[in-house]
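Everything numeric here is computed off the predicted structure, so don't read it as measured data. Just the heavy atoms: all of them, side chains too, but no hydrogens, waters or symmetry mates, feed the values below. Note on naming: letters A, B, ... go to the chains in the order of the sequence lines (proteins, then strands), and numbering restarts at 1 for each one.
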Amino acid sequence: MLIREKKEKVHGLPDLDGVEGKVVMRIAPGPSGPLHIGHTRVGILNDEYVKRYGGKLICRFEDTNPDKIEPDAYDMIKEDLEWLGVDISEYAVQSERFEYYYDVTKKLIEMGHGYMCTCDADEWRRMKEDMKPCPCRDLSAEENLRRYERFLSGGYADGEAVAVIKTAIDHPNPAIRDFVALRLVRHPHPRTGTKYIAYPMMNLSVAVDDHMMGMTHVIRGKDHLNNTHRQEYIYDYMGWKKPEFYHYGLVNIPDTVLKTSLIKQSIKDGEYSGWDDVRTGTVRALRKRGIRPEAIRRYWVENGIKPIDIQFSWDNLFAMNRDLIDDTADRYFFVADPVRYDIEGGGDLEGRAPLHPDHPERGWRCYQVGGHKTVFLSETDSLMFSQAGRVRLKDLCNISYGLPAQYDGNDVSILREGVRAIQWVCNDSVPAEVLMPDGTSVKGLAEKAVLDGKGDMVQFERFGFVRIERRSPEGVLCIFAHR
RNA sequence: GCUCAUGUAGUGUAGCGGCCAAUCAUUCGGCCCUUUCGAGGCCGACACCCGGGUUCGAUUCCCGGCAUGAGCACCA
């Protein structure tokens, strides 16, 4: 028996190198705000691999810069990850792990791989550019250890001294030459207050934690390529086994506000409604608009982990989301900027339409239009009607232009002649408002049946998919997702 | 300036020396179906950065150029 396999080449993620049994991977967000669409890539990719191979996914909060911490971010990020379906096995917080960083720094200084630099920061940088060691670099380990003790116990002012890891002062790549491991910050930390004054720089804390937590594979953005090289010095000095490193390309996300500090300021100024303001690209904003986490996942999986810089495509994401919601979203008529028409002739009218054209079993919207037979058309359809002279009110009847409009039979076949079918609502419609991603809102009328719906995603025919934020007898408030 | 990375259609992706006059998705156009400009079906449009080399043969390997991006922070 020959069963021809369907040539269904779904492009999944490539296998990782060096997998022996289970994997340990991580994501390492800085808690400066909730996650945005750009952050979701690293979460999804790591999650996909941990699910493929089994093992652990650690979420490690990198809160080693007390200036940039938003105290609520720890919880918001956790919520965002849960919604995304990224399964975190363990959470860790770097501000609770300072002793480890101090310990490793001390060992590195003892071995002569690190030094305490008291030079002026600009001066030190200039010397590095010229491949020249600063005077502190060649001090004895004993002297450096004395300085290190003084450093930890508060004997220096902020900026007066730093702990530095030696690499190669004459390394051809200036980005790799000696890097700072610890600095002094007396600004209080939202979690640890003033308990610590010596703060690790990411290259120290990341290397120490990745090793201690047993990372087997590290996936992160290409912008960290040089950081990886720097961290490898620590691995080599300490004799640690290195994880497999992967660097995916940078993502350019157009037409959206992502910068955390900017969003934060706009919220403070009262311009944005919050972290979920639909004008932003935060995960919570996308969620509010009705973007499904599965769509975001599929998007990143299809993008892979190549180190090529890419252009983010909202079109592609929306197409994937449409795929997911199309089957479940019931259909309703919505009329923006309504224009009233009465219909003359034809007696009382009635009609009906399925909640979903592919699922008549879900039920029907039924219309009865009597009396003056008042209907409302959207402003743009009204204009089109006046020009075309004839139009079909979808699922009700045909009309020809006039004031009042004239009943023109109920023969569907006129659609084949090029007459357009348009959406309409009658007198018992309810007010509807659709919040658009650009911050504007479209006001109009929706058919009454929308109040009885259950799902939160619906399609306003010929308008787009919207998420229903609130149903009340006074009307519906919706958020626009996409066409 | 130095260093690193990358270069397949509008966008993203497959390809790992011949099966590629190049895959899939999206986008756009047309047709069919349809009482949505949705979904579905069919058809079509658009790409291997350039120049050398290796080879019987290169999108695939090597070198150079060009382009793009990133890093050279006491941010992450």
*Asks:* From the options B:A70, B:A14, B:C75, select the nucleotide whose nearest atom is closest to the side chain of A:Lys306.
*Replies:* B:A14

*Asks:* Below 30° counts as parallel, above 60° as perpendicular, anything between as tilted: where do the rings of A:Phe334 and A:Phe463 land?
*Replies:* perpendicular

*Asks:* Using whole Å, report how far CZ of A:Arg331 lies from C1' of B:U34.
*Replies:* 13 Å

*Asks:* From the list B:C4, B:C75, B:G12, which nucleotide is the closest neighbour of the side chain of A:Leu225?
*Replies:* B:C4

*Asks:* Report the base-pairing partner of B:A67 (Watson-Crick or G-U wobble, both distances below 3.5 angstrom), or none.
*Replies:* B:U6

*Asks:* With rounding to whole Å, what would you report as the distance between B:G51 and B:A58 at their C1' atoms?
*Replies:* 15 Å

*Asks:* Determine the interplanar angle of the A:Phe61 and A:Tyr91 rings, folded into 0 to 90°, and report it as parallel if under 30°, tilted if 30 to 60°, perpendicular if over 60°.
*Replies:* parallel

*Asks:* Expressed in angstrom and rounded to an integer, what is the separation of A:Arg416 atom CZ from B:U35 atom P?
*Replies:* 7 Å

*Asks:* To the nearest Å, how far apart are A:Ile422 CD1 and B:U34 P?
*Replies:* 21 Å

*Asks:* Can you tell me how the ring of A:Tyr196 sits relative to the ring of A:Phe98, calling it parallel under 30°, perpendicular over 60° and tilted otherwise?
*Replies:* tilted

*Asks:* Can you tell me, in whole Å, how much space there is between the P of B:G64 and that of B:G44?
*Replies:* 42 Å

*Asks:* Can you check whether A:Thr64 has a side-chain N or O nearer than 4.0 Å to OP1 or OP2 of B:A76?
*Replies:* yes

*Asks:* A:Ile310 side chain: which of B:U13, B:U35, B:C74 is closest?
*Replies:* B:U13

*Asks:* May I ask you to say what A:Ala121 touches in the nucleic acid, namely base, sugar-phosphate or nothing, with a heavy-atom cut-off under 4.0 Å?
*Replies:* base

*Asks:* Let me spell it out: for each of A:Asp381 and A:His171, pick the nucleotide of RNA chain B with the closest heavy atom. Which residue's pick is nearer the 5' end?
*Replies:* A:His171

*Asks:* Only pairs with both distances under 3.5 Å count, Watson-Crick or wobble alike; so what is the partner of B:U13 in this structure?
*Replies:* none

*Asks:* Specify the separation, in whole Å, of atom CG of A:Leu182 and atom C1' of B:C75.
*Replies:* 15 Å

*Asks:* Quick test of your reading of the model: are A:Glu294 and A:Arg297 salt-bridged, counting only N-O distances below 4.0 Å?
*Replies:* no

*Asks:* Whom does B:G40 pair with, Watson-Crick or G-U wobble, provided both distances fall under 3.5 Å?
*Replies:* B:C32

*Asks:* With the side chain of A:Asp395 defined as its heavy atoms from C-beta on, choose the nearest nucleotide among B:G7, B:U35, B:C74.
*Replies:* B:U35

*Asks:* Using a strict cut-off of less than 4.0 Å between a Lys/Arg side-chain nitrogen and an Asp/Glu carboxylate oxygen, indicate whether A:Asp63 and A:Arg191 qualify as a salt bridge.
*Replies:* no

*Asks:* Taking atom C1' of B:C74 as reference, at what distance in whole Å does atom NZ of A:Lys128 sit?
*Replies:* 10 Å

*Asks:* How many whole angstroms separate atom CZ of A:Arg322 from atom P of B:U36?
*Replies:* 16 Å

*Asks:* How would you label the contact of A:Pro200 with the nucleic acid (heavy atoms, under 4.0 Å): base, sugar-phosphate, or nothing?
*Replies:* sugar-phosphate

*Asks:* Indicate, with a heavy-atom threshold strictly under 4.0 Å, whether A:Gly159 touches base, sugar-phosphate, or nothing.
*Replies:* base

*Asks:* Tell me the partner of B:C56, counting only Watson-Crick (N1-N3 plus N6-O4 or O6-N4) or G-U wobble (N1-O2 and O6-N3) with both under 3.5 Å; none if nothing fits.
*Replies:* B:G18

*Asks:* Give A:Cys119 one of three labels, base, sugar-phosphate or nothing, depending on what nucleic acid heavy atoms sit under 4.0 Å from its own.
*Replies:* base

*Asks:* Which part of the nucleic acid, if any, lies within reach of A:Gln459 when heavy atoms closer than 4.0 Å are counted: base, sugar-phosphate only, or nothing?
*Replies:* base

*Asks:* Let me confirm one number: the NE2-CG distance from A:His217 to A:Leu16, rounded to the nearest 0.5 Å.
*Replies:* 5.0 Å

*Asks:* For A:Asp327, which contact category applies under a 4.0 Å heavy-atom criterion: base, sugar-phosphate, or nothing?
*Replies:* nothing

*Asks:* Return the nearest nucleotide to the side chain of A:Arg298; candidates are B:A70, B:A25, B:U11.
*Replies:* B:A25

*Asks:* When the P atoms of B:G18 and B:C61 are compared, how many Å lie between them, rounded to an integer?
*Replies:* 12 Å

*Asks:* Does A:Arg147 pair with A:Glu143 as a salt bridge, N-O distance under 4.0 Å?
*Replies:* yes

*Asks:* Among B:U11, B:A5, B:G38, which is the nearest nucleotide to the side chain of A:Ser313?
*Replies:* B:U11

*Asks:* In whole Å, measure the gap between the C1' atoms of B:C46 and B:U36 for me.
*Replies:* 29 Å

*Asks:* What nucleotide, of B:U3, B:G38, B:U34, holds the atom closest to the side chain of A:Pro174?
*Replies:* B:U3

*Asks:* Can we say A:Asp122 and A:Arg125 salt-bridge, meaning some charged N sits less than 4.0 Å from an Asp/Glu carboxylate O?
*Replies:* yes

*Asks:* Check every strand shown and say whether A:Val162 touches a base, only sugar-phosphate, or nothing at a heavy-atom separation below 4.0 Å.
*Replies:* base

*Asks:* Would you please test A:Tyr248 and A:Asn303 for side-chain hydrogen bond (donor to acceptor under 3.5 Å, both in side chains) and show each step?
*Replies:* CA-CA 10 Å; A:Tyr248 59 77; A:Asn303 271 270; over 6 Å; no

*Asks:* Using both distances under 3.5 Å as the test, list the Watson-Crick or G-U wobble partner of B:A45, or none.
*Replies:* B:U27

*Asks:* For A:Asn203 and for A:Arg483, find the nucleotide of RNA chain B with the closest heavy atom, then tell me which residue's nucleotide is more 5'.
*Replies:* A:Arg483

*Asks:* With the side chain of A:Pro307 defined as its heavy atoms from C-beta on, choose the nearest nucleotide among B:A5, B:A25, B:A70.
*Replies:* B:A5

*Asks:* Given the C1' atoms of B:C43 and B:C48, what is the spacing between them in whole Å?
*Replies:* 25 Å

*Asks:* Would you measure the distance from the P atom in B:A22 across to the matching atom in B:A45 and give it in whole Å?
*Replies:* 10 Å

*Asks:* Using a 4.0 Å heavy-atom cut-off across all strands, classify A:Gln423 as base, sugar-phosphate, or nothing.
*Replies:* sugar-phosphate

*Asks:* Given the P atoms of B:C33 and B:C42, what is the spacing between them in whole Å?
*Replies:* 15 Å

*Asks:* Check A:Asp330 with A:Lys454, please: is the shortest side-chain N to carboxylate O separation under 4.0 Å?
*Replies:* no

*Asks:* Can you tell me the distance, in whole Å, between the CG atom of A:Asn316 and the P atom of B:U11?
*Replies:* 11 Å

*Asks:* Considering every strand and a 4.0 Å limit on heavy-atom distances, what is the contact class for A:Met320: base, sugar-phosphate, or nothing?
*Replies:* nothing

*Asks:* Between B:U6, B:G38, B:A76, spot the one nearest the side chain of A:Lys222, thanks.
*Replies:* B:U6

*Asks:* Side chain of A:Asn65 only, please: which of B:G38, B:C75, B:G12 is the nearest?
*Replies:* B:C75

*Asks:* When the distance from CH2 of A:Trp300 to C1' of B:U13 is rounded to whole Å, what number comes out?
*Replies:* 13 Å

*Asks:* Could you identify the nucleotide paired to B:C72, looking across every strand shown and requiring Watson-Crick or G-U wobble geometry with both distances under 3.5 Å?
*Replies:* B:G1

*Asks:* Please determine whether a side-chain nitrogen or oxygen atom of A:Arg462 lies at a distance below 4.0 Å from atom OP1 or OP2 of B:A39.
*Replies:* no

*Asks:* Would you say a side-chain N or O of A:Arg177 is under 4.0 Å from OP1 or OP2 of B:U3?
*Replies:* no

*Asks:* Using atom C1' of each nucleotide, how far apart are B:C20 and B:U8 to the nearest Å?
*Replies:* 11 Å

*Asks:* Could you check whether the side chain of A:Asp358 and the base of B:G38 have a donor-acceptor pair of N or O atoms closer than 3.5 Å, going by distance alone?
*Replies:* yes

